[in-house]
> 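The structure under discussion is supplied below as structure tokens; questions concerning it will follow.
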4 protein chains.
Amino acid sequence: MAARYDFASDNTAPAAPEAMAALAAANTGFASGYGSDPVTTRAADLVRAWLDADVEVRFVASGTAANALSLAALCRPFEAVLAHRHAHVCTDETGAPGFFGHGLGLIGLPGASGRIDPAALAEALGAPDVSYRQSPAALSLTNATEYGTVYSREALAALTTAAKAGGLGVHLDGARLANAAAAGFDVKTIRDLGVDLLVIGGTKAGTPPTEAVAIFDPALARRFDARLKQAGQLPSKGRFYAAPFVGMLQDGAIVRHAAHANAMARRLAALCPFPVRHPVEANGVFAEMDDAALARLHARGWFVYRFLDGTVRFMCSWATTSDTVDELSEALKAIA
Amino acid sequence: MAARYDFASDNTAPAAPEAMAALAAANTGFASGYGSDPVTTRAADLVRAWLDADVEVRFVASGTAANALSLAALCRPFEAVLAHRHAHVCTDETGAPGFFGHGLGLIGLPGASGRIDPAALAEALGAPDVSYRQSPAALSLTNATEYGTVYSREALAALTTAAKAGGLGVHLDGARLANAAAAGFDVKTIRDLGVDLLVIGGTKAGTPPTEAVAIFDPALARRFDARLKQAGQLPSKGRFYAAPFVGMLQDGAIVRHAAHANAMARRLAALCPFPVRHPVEANGVFAEMDDAALARLHARGWFVYRFLDGTVRFMCSWATTSDTVDELSEALKAIA
Amino acid sequence: MAARYDFASDNTAPAAPEAMAALAAANTGFASGYGSDPVTTRAADLVRAWLDADVEVRFVASGTAANALSLAALCRPFEAVLAHRHAHVCTDETGAPGFFGHGLGLIGLPGASGRIDPAALAEALGAPDVSYRQSPAALSLTNATEYGTVYSREALAALTTAAKAGGLGVHLDGARLANAAAAGFDVKTIRDLGVDLLVIGGTKAGTPPTEAVAIFDPALARRFDARLKQAGQLPSKGRFYAAPFVGMLQDGAIVRHAAHANAMARRLAALCPFPVRHPVEANGVFAEMDDAALARLHARGWFVYRFLDGTVRFMCSWATTSDTVDELSEALKAIA
Amino acid sequence: MAARYDFASDNTAPAAPEAMAALAAANTGFASGYGSDPVTTRAADLVRAWLDADVEVRFVASGTAANALSLAALCRPFEAVLAHRHAHVCTDETGAPGFFGHGLGLIGLPGASGRIDPAALAEALGAPDVSYRQSPAALSLTNATEYGTVYSREALAALTTAAKAGGLGVHLDGARLANAAAAGFDVKTIRDLGVDLLVIGGTKAGTPPTEAVAIFDPALARRFDARLKQAGQLPSKGRFYAAPFVGMLQDGAIVRHAAHANAMARRLAALCPFPVRHPVEANGVFAEMDDAALARLHARGWFVYRFLDGTVRFMCSWATTSDTVDELSEALKAIA
């Protein structure tokens, strides 16, 4: 029996046909390098149109690098980033922010279901600015969150307003921005939220490895290409990072696919015989399941992870089918 | 008139059909992440077979990162890397070795046509090991070199033997290893040269962005995935980095294409009305041309760069056709 | 009324007469630089004699740097240090380990009264070594601890043995090693504990700013001067860092003064009308006191800090007199 | 025969009596830490008065760290510092700027006798700002220079004006600022030169290890203490770094001693039987001497270094006596 990785993550899926088609289409003729090609220009235009914002856009290989470089741009080594304590930058990137940011600190904040508790943010912002601790210089947010919930515009605004009032920069990790958008979060409102740097996930949305960085604060854009090049994130064949975004954005595939992923998560949640802990607003389902049950599920070939809060995480993607959801739910019922 | 980037670099070419076909073939079904998928295993096996060496293999997004991470693995911040003073790591990577290596130093060595002068290496190795300077801990070599020349096995061995005798680690930047192989350099001899880390270029050989790192020293392999992950170079969808190597290696396309590129360079050199400065052993031609001539060439739409030694560089790739070479040489004759 | 800093820290004290006399004595004639002078040799010999260990010794300006450089020597950026969660390296050094160690991680462990809980260490050592987290490469211990307790040789050995079995390096922060020694910890046993790098506090023991680093693992000593020089910790006028250690070590003043400091802490604890939370084994007293009481104490001019566990910390030093202790205890009684 | 280090460097001298007396005087009673004590306040006031400038002042342990932290404050990792190619930051600090600055680059500029050639600066400022190279963000100057020459106010202004016009920050390494002052350079003019960060050497001027950093740009002062603390340069017993400056500045000893050192250099130059290469404007003499002659000098016990330009360097200090100069010149005559 082959192991099934369908629900292990949203990055176990293949790339979506729209992304692959655009990749193939871009692969013709010679093109100038390092993002100066027409495909990159077109992709950046599509990002700007999607966000309705006059941002600088770069396409990079890795979400980890995109996040870490963004935080390094906002924060000096003797300063810290405030983030949800279970945010990807805190828990799943092998300390990349400290590596790219030369030791910058991460201060983990609590909050239910992956959303930062505003009171905890206020407390962190109110801490005395002493020389023996890394005081905050940036707030990092994630939408959709690690727990498959989605910040409303108002909830985000409350956090970013507090951060800006405290003089902090704001980074938004949009590894699953498409899922948030499909859940009703209007990406055109990011422009007014005080976000300085936004990372737009391609990979989890259904592209080959590529992520977009949208730079809202023009001052941060200065020498950003040099920043990327030094960090190994300015690809010579830039069109290969840009083309998948063309494919996903030009006709709205990015949100259409995410809406499907979200719907698959809701379907799974409805069928799941185990208690579901967090609201299912995006493409993840977090089930309460003990080790014995998880072992039985693994024995049936379904490979999934126990997550940071102790639940078992099931991620859906553009490629998840309702048949597969049903197949999994049958397995879950059998082992419950 | 559209600008022509055909000879601006070997990374202006599109990806080769073998690479793209493999990419498409790999894009089926769900796969486990971070290099644990079967495509990555297959690609690593093919690299091992090509090198005839029992190496650990990783696939990463960027040659700059692959080089810099390798140097960081060999060298502590208060130590230095010896490299040709015009090596890519010294001149074209925005200081990436210092960024990934936390300030490690680069000591540029002279040498004709991109090959390190053994006497200069000896002198550098003989310098006193004083605390106020960064003393060498690694030697970085490039084959084929930046000037389109190819080290023989013997020439490389002389350098690596000296480095090893001095206790240094050895890094080989093989961004154009395929071109060296096509020129007669036997990649199976690398195994015995004392190379600790080898970077095998995919991009310049004709793949979408991907590079392979071959780890010859098993001690260096420990936690290499964590090293990559922290640096934003452990792709979740690993098969997309591995598949192009499958396509290029499984039937020898990588060397076949490089041989074509090398042949195109020889053809261009033969037709070039300007003096050619360096031996044309790989896929580059370096012509002596004044600013006025270069401006005339640019005016005809051919975009090429003046290189570090003052010559004008013309790079050929798998996609360069003999017609294009002839077209360029006509233009060169017209402006000579 | 002038503020009184007598108990705010053990670094508010002046330097002890033995240290100052040695400094003055060393200040004659010309001397070679960077630790090659006879005073430095003499001080290193005295450290070796005190530890009864054939260690390399360096004298540096700062305990923060000494600790951080030690951790950087033991740990790569994608690895982590295990330390008590209230250890100085975790809480009071502005992220210095991450800065000197290029993003290395810190994993805080629990444990009563500043001593690491062996079970927590075992759990941390048993965590899976996954690429997306910084896995431990070093254990950092502190003796005497931040809470004025002292590890016995056996307690330390249990922790270092576990760490060594897990392949970790061991760092011992001895900012208050003198106080531990005065409390009965035999510094000659460090040699056999598996400690790789030991920092011996001068400043808190009564010297002008200077700390000693003892390198037990000879492999770590290679190019240590270059490591220090690059980090701004290889003083040209080395005798000024060494001489105070000569003064403190040549007749045992370092332990004699620490014994006095410890005795003053015991006296204070005995007189303190507030509950004392931690065992008073070294030179600190940690009292349970609410904000109103602390404010009343501040109003009387006694400047002390609320510590990480919520208690109020009173530190004694070589310069603390019994009269001052009595004066403080009168104030405490008045505000209790 | 004991080796003589009198002329090996200006940091082989002991500390001047004024500095030691102030140190002893400061060593009374308890004091608050980390630069909040009255001695530090007094020393900072004296620095401000000397410079006639409303600067923030910090006292740190090491010139290497002071320089490197200053450059890190002015320059991001993907940017570079322009400095004389023989400046201390380029040649004698083990790559500290890259370590403290996370890989920032150093671009060495030529110029006779240690002074940067304005044409070379103009050329560097005019280089295209491309992403694959570290473009300049700061200019680092040294006065007095490494070759014992002194920039006039006008010469410095020409360089800083060009740098400022190019948007660069300016760092002035004043390890021997006292010698420049004694040679006629008015330190009160620094204020108007566009210098952002000035390092004032204590050590070479005759103090125990301590250096002052004067921050002219108030924006750079934000969280500078955290910057220092993280880098191990915020001493807890701050008065020990500040007191020597009190001693040297309160009655002008710093310039008086430097004037003596300069005079000793002129005396030595006048008596030196070997050709003196650079103008003797400060406290160094650079003699042209072959290896055989240098070996004979060493054999007579005089320990001096061959410098970067191939000359042999003789440094004078506050403690150099005319008798010693005469003694050395006799030795030089004997071996000439």
> Taking all non-hydrogen atoms of both residues into account, name the closest pair between A:G201 and A:I254 and its distance.
O-CD1, 4.4 Å

> For D:A68, give me all partners under side-chain contact (heavy atoms from CB on, under 4.5 Å), at least two apart in sequence or on another chain.
D:A96, D:F100

> On a heavy-atom basis, which atom in A:F216 and which in A:A53 lie closest, and how many Å separate them?
CE2-CB, 3.8 Å

> Hey, which residues of residues 76-92 of chain A are touching chain D, say heavy atoms under 4.5 Å apart?
A:R76, A:P77, A:F78, A:E79

> Considering non-hydrogen atoms only, spot the tightest contact between D:F245 and D:I200 and give its length.
CZ-O, 3.5 Å

> Donor-acceptor check, side chain of A:S62 to backbone of A:T64, threshold 3.5 angstrom: yes or no?
yes

> Are the side chain of A:E211 and the backbone N or O of A:T203 linked by a donor-acceptor pair below 3.5 Å?
yes

> Quick one: which residues of residues 32-50 of chain A reach chain D at under 4.5 angstrom, heavy atoms only?
none

> How long is the gap from CZ on A:R239 to CG on A:L23, to the nearest 0.5 Å?
10.0 Å

> For the interface with chain A, which of D:G101, D:A231, D:A226 has the highest count of heavy-atom pairs at distances below 4.5 Å?
D:A226

> Only heavy atoms, only distances under 4.5 angstrom. Which residues in residues 131-142 of chain A are near chain D?
A:S131, A:Y132, A:Q134, A:S135, A:P136, A:A137

> For the candidates D:V130, D:D129, D:L228, which exhibits the highest count of non-hydrogen atom pairs separated by less than 4.5 Å from chain A?
D:D129

> If you tally heavy-atom pairs under 4.5 Å against chain D, which of A:R227, A:Q230, A:R223 wins?
A:R223

> Counting N and O atoms only, with roles assigned by atom type, does the side chain of A:Q233 sit under 3.5 Å from a partner on the main chain of A:A61, one being a donor and the other an acceptor?
yes

> Verify, without hydrogens or angle tests, whether A:T210 (side chain) and A:G202 (backbone) share a donor-acceptor contact under 3.5 angstrom.
no

> Got a second to check how far D:F99's CZ is from D:L104's CG, nearest 0.5 Å?
12.5 Å

> Shortest non-hydrogen contact from A:P118 to A:L159?
CA-CD2, 3.9 Å

> Charged N to carboxylate O under 4.0 angstrom, A:K164 versus A:D196?
yes

> Minimum heavy-atom separation for A:L197 to A:I215, with atom names?
CD2-CG1, 3.8 Å

> Provide the closest heavy-atom pair for D:L109 versus D:A120 in the form atom of the first, atom of the second, distance.
CD2-O, 4.0 Å

